[in-house]
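Inspection log for the structure reproduced underneath, given as structure tokens.
In listed order, ligands and their atoms are each counted from 1. Heavy atoms only: backbone and side chains are in, while hydrogens, waters and symmetry mates are out.
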Amino acid sequence: MQTCGIDYGTTNTSVAVINSKENPQVLELDHENDPPTSLPSLVYISSDGEVSVGRKAAKLFIERNVGREVKLITEETGMVIHKVSGGEPDKSEFYNPALIDPDKLETISLKTKVDINLPGRLFQSLKTQLRYITHKGTDVFGTNYQIEELVSFVLKKCKEQAENYLQKEIDIAVMGRPVRFSPSEIEDKVAERRLRSAAKIAGFEEVVFFYEPVAASVEYLATETTEDQVVMGVDIGGGTCDVCIMKFESSDTIEERISKSEILSVTGDNVAGDAIDKEIIRKKLFHYFGSKVKYGPHNLPLPKHMLNIVLDWQNLYRMNTEETINWLIGIENFCTQPEAVRALRLLIQKNCGYPLNLAVETAKKQLSFNKTSVIDFNYDELKIREEINREEFKRIIEEILEKIEHLLKEAEKNADMTPEKINLVLTTGGTCLIPAIQYMLKERYGEEKVRSRDTFTAVARGLAIIGKYL
Ligand SMILES: Nc1ncnc2c1ncn2[C@@H]1O[C@H](COP(=O)(O)OP(=O)(O)OP(=O)(O)O)[C@@H](O)[C@H]1O
Ligand SMILES: [Mg+2]
């Protein structure tokens, strides 16, 4: 049976197989992406049903959806309701339209507003949505897509690339999973079940799951060490922060070392890159879009849901209705900050929440290498230039840092360990590059013990190794 290791991430996906030299080999998945071994976990479905994944999906969305003119038309839904014509209708519990004289009933056909120009839809962070029990599928231009199908488009690409490389069919996907998709046990089970179904839809016969930080630790065990050690694996990506503590024993073969290794504890939570980006938007950019606005004679603030839509670019286009736009135009001249209300309106009308998010993410990433950076966003009249430095960034993400520290302590407690007894801390995942997180780990465990494994591929490599010894 042939296996491949798949690290399906909230932001990026990577794949590794065991090559002819018996080593884990990470495969190129997306030549348009930097690095090409990471496939952005994005899916774009155009109105004619064409599906694209990865960097191409993002490009198509920006080309076609951002800044376009929205044309809403009223369409019949094909459903009717009855209304009593003339006089006050009976609103009591006894009201039954079937008992009313048909001559007094008026038939009203239900209509809906449809965006006839919508060129396509982009889906991001689908892994985070796997847990929502109420997720009943998404209508994409008249076709109902279950979340499993959307995820399967990314996994199909992984399978294709791995099979191309090995020139063999692959039956088993050895997949990573976060320690907790959700704090709720039911949601966690639902998410894993859906991810398994997605892999089956992609064509795998069997799916085996391992915790992501465990896979990253096994990668180290198999390639770098033969010592007896207590190792902590910390994997912080786009959606989750995952921690494990493992005990490794020396042995002559990798197989023996893997079979003798012991997981002492695992823990995790939904605090990672996506949450950090939202915090930056909330604390640094909300005021551009009206968080301080007061409007009308009663000095009312903007409704919360309107501001929060800035954080939810995937649904921003839904706000582009005549009612909302007219309302924003209406209050623009009766508020304390017309330019902010205008900015919010333009953001909605031009549908540029995604590029705004990218500008924030870019500035955040630069802060890992430079002491200051700039959130630079320019789209037509919308202009934002906001400097941010490491100190301020650290304050902005203070609560997130506390949650991460809490997870480290929880992992230690569950493993009956103290920081001194941990010999090595392995970090992986994009969010682990943040200096404040590195600093926290070094302060707690000692600078010499913290070691970075490859940011985007350690988990996939570990999964490929596990697959070999399954
Ligand atoms: N240099 C950097 N500094 C800070 N954050 C970064 C950097 N590079 C990437 N990131 C962030 O890391 C996250 C992506 O990391 P990664 O690819 O490890 O996540 P993932 O595996 O897709 O997610 P998860 O494991 O949580 O499902 C994104 O939030 C991205 O903004
Ligand atoms: Mg990851």
Side-chain angles (χ1 to χ4, degrees), residues 5-16 26 29-30 33-35 37-42 53-55 58 124-131 151 154-155 158 175-182 191-192 195 209-217 219 233-244 268-281 357-371 373 375 388 390 393-394 396-397 400-401 404 407 426-439 452-463:
I6 303 182
D7 176 18
Y8 173 66
T10 312
T11 318
N12 296 299
T13 296
S14 48
V15 172
V26 181
L29 287 178
D30 189 346
N33 193 55
D34 180 23
T37 45
S38 288
L39 174 74
S41 310
L42 296 166
V53 296
R55 190 57 54 207
Q124 190 192 33
S125 301
L126 284 164
K127 187 177 171 188
T128 307
Q129 294 168 42
L130 283 170
R131 66 175 190 259
V151 171
V154 172
L155 301 181
C158 298
M175 294 193 72
R177 56 150 289 168
V179 173
R180 293 180 188 139
F181 279 101
S182 158
E192 188 186 286
L195 189 52
F209 286 108
F210 285 86
Y211 291 131
E212 286 156 11
V214 170
S217 305
E219 184 254 358
V234 183
D235 175 9
I236 317 182
T240 52
C241 167
D242 294 289
V243 183
C244 74
D269 199 355
N270 304 314
V271 279
D274 284 357
I276 288 175
D277 297 348
K278 288 198 164 79
E279 243 1 57
I280 300 176
I281 295 178
N357 229 79
L358 287 181
V360 168
E361 196 193 7
T362 304
K364 171 190 77 172
K365 287 183 187 172
Q366 279 167 357
L367 276 182
S368 297
F369 309 105
N370 307 319
K371 290 205 165 135
S373 72
I375 302 167
I388 179 165
R390 276 195 194 162
F393 179 47
K394 196 172 160 201
I396 288 176
I397 60 169
I400 291 175
L401 293 173
I404 293 173
L407 288 174
L426 305 172
T427 65
T428 185
T431 300
C432 268
L433 295 174
I434 293 177
I437 293 176
Q438 287 286 326
Y439 180 80
S452 301
R453 303 303 293 165
D454 188 89
T455 302
F456 300 111
T457 61
V459 174
R461 265 181 230 272
L463 292 167

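In plain terms, the two heavy atoms of I236 and A272 that are nearest each other are CG2-CB, 4.0 Å. Pairing each heavy atom of V234 with each of C432, the nearest pair is O-SG, 3.9 Å. When all heavy atoms of K364 and G273 are compared, the pair lying nearest together is NZ-O, 3.6 Å.
By the 6.0 Å contact criterion, OH on Y439 is open, its count of non-hydrogen atoms from other residues, nucleotides or ligands being 12 or less.
Side-chain atoms of T457 and D454 form a donor-acceptor pair, as typed in the model, at a separation below 3.5 Å. Side chain to side chain, S14 and T37 fail the donor-acceptor criterion of an N or O pair below 3.5 Å.
Under 4.0 Å from any atom of ligand 1, one finds heavy atoms of residues G9, T10, T11, N12, K127, E212, G237, G238, G239, T240, G273, E361, K364, K365, S368, F369, G429, G430, T431, L433, I434, F456.
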